[in-house]
There are 2 protein chains.
Amino acid sequence: MQAKKTRQRDAIRAALEAAGRPLSTEEVLSSAQRQVEGLGIATVYRNVRSLVDEGWLVTVELPGQSPRYELSGKGHHHHFQCNCCGLVYELHGCVGSFRNVIPRGFLVTEHEVLLYGMCGGCRSTGHAKG
Amino acid sequence: MQAKKTRQRDAIRAALEAAGRPLSTEEVLSSAQRQVEGLGIATVYRNVRSLVDEGWLVTVELPGQSPRYELSGKGHHHHFQCNCCGLVYELHGCVGSFRNVIPRGFLVTEHEVLLYGMCGGCRSTGHAKG
DNA sequence: CTGCGTGCAAATGCTTTGCAAAGAC
DNA sequence: GTCTTTGCAAAGCATTTGCACGCAG
């Protein structure tokens, strides 16, 4: 079942395309509301879900936080969260290996790496470390 | 303010000590209920929180999942989740480095590594990969 | 005894769902 | 015109909180 083209759906996709980083549902809402006034949060949830189901978005989950969403098709990568501004950035490349930590008899099929610290912007503007 | 010793609190600590792996609130509840019938979920939440505040427990968060809790004092380590049985295991040691993925100007202060796959038990009992 | 800790039930916060009206095709 | 999508409000879930009672110290 192909989703219909609506102003709301277009605004939601535009918000995610423009961001260049993973956005939370609330971030999508406030960004898309600049194009479609009165846009409801339920519509954002519904469209984000359908965009994930279609494979246009992928879910980015950080431990203990609400999910974020980014455009799919970026290949294998990981994320960095700034402790200061809270933004999540995409990292390119991947860590070496973790062969040395895998218990005998275990099979590793996927992995996730999350880095935290301070982004270039926060460092250069002299914000205190959050 | 030191917490009082109660049957409920003892049972909750015993459950976590006996597990040897991170437990969810529900897992703590069902395990501790074997010692204290009628134990309420709110009591588990309250005690787990206070044990974390005291530093006796640490929170283990996997993306998109409810928090788990494990005894503190184990030093730096990461976790492995079996896609088959869902259990979370502690890993010893740490990955090499991720210097090559850090953007210029960023400062990394913490990191998290999560591995997923199939544990030794599930592999040897021939369960299908989940 | 005094007061903290417990169990229950109500409240909370985020996400999902039901439904009538609006919009896409 | 028909059928999907939307916005609102209500429903769900996991977690937290308020309160009266019971147990620890």
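In what follows, chains are A, B, ... by sequence order, proteins preceding strands, each numbered from 1. No experiment lies behind these values; they were computed from the predicted model shown.
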Donor-acceptor contact below 3.5 Å, side chain B:Q33 vs main chain B:L39:
yes
Quick one: label A:T25 by what it contacts on the DNA or RNA (base, sugar-phosphate, nothing), any heavy atom closer than 4.0 Å.
nothing
When you check the gap from the basic side-chain N to the acidic O, do A:E90 and A:K74 get nearer than 4.0 Å?
yes
Rounded off to whole Å, could you give me the CZ-to-C1' distance for the A:R9 and C:dC25 pair?
15 Å
Heavy atoms from C-beta onward define the side chain here; which of C:dT6, C:dA24, C:dT16 lies closest to that of A:R49?
C:dT16
Atom pair distance, as rounded to whole Å: CG in B:L29 and C1' in D:dC13:
16 Å
Using whole Å, what does the distance between atom C1' of nucleotide C:dT16 and atom CG of A:N47 come to?
14 Å
Ionic contact status for A:R9 with A:E54, cut-off 4.0 Å:
yes
From CG of B:D10 over to P of D:dC23, roughly how many Å is that when rounded to an integer?
16 Å
In whole angstroms, the gap separating P of C:dT6 from CD of B:Q33 amounts to 14 Å
Checking A:E112 side chain against B:L114 main chain: does a donor-acceptor pair fall under 3.5 Å?
no
I need the CD-C1' distance between A:Q65 and D:dA14, as an integer number of Å.
18 Å
For A:H76 and A:H111, take the angle between the two ring planes, folded into 0 to 90°, and tell me which bin it lands in: parallel under 30, tilted 30 to 60, perpendicular over 60.
perpendicular
Whole angstrom is fine here: how far is it from NZ in B:K4 over to P in C:dC1?
16 Å
Take A:I12 and B:T6, find for each the nucleotide of DNA chain D with the closest heavy atom, and name the residue whose nucleotide sits nearer the 5' end.
A:I12
Should B:R68 and B:E26 count as an ion pair when the cut-off is N to O under 4.0 Å?
no
C:dG5 P sits how many Å from B:L51 CG, rounded?
12 Å
Does the distance from a Lys or Arg side-chain N to an Asp or Glu carboxylate O, for B:R7 and B:E37, drop under 4.0 Å?
no
Just the table, please: protein N/O against nucleotides 7-11 of chain C N/O, every pair under 3.5 Å.
{"residue": "C:dG7", "atom": "OP1", "partner": "B:G38", "partner atom": "O", "Å": "3.3"}
{"residue": "C:dG7", "atom": "OP2", "partner": "B:G40", "partner atom": "N", "Å": "3.1"}
{"residue": "C:dG7", "atom": "OP2", "partner": "B:T43", "partner atom": "OG1", "Å": "2.4"}
{"residue": "C:dG7", "atom": "N7", "partner": "B:R46", "partner atom": "NH2", "Å": "2.7"}
{"residue": "C:dG7", "atom": "O6", "partner": "B:R46", "partner atom": "NH1", "Å": "3.3"}
{"residue": "C:dG7", "atom": "O6", "partner": "B:R46", "partner atom": "NH2", "Å": "3.2"}

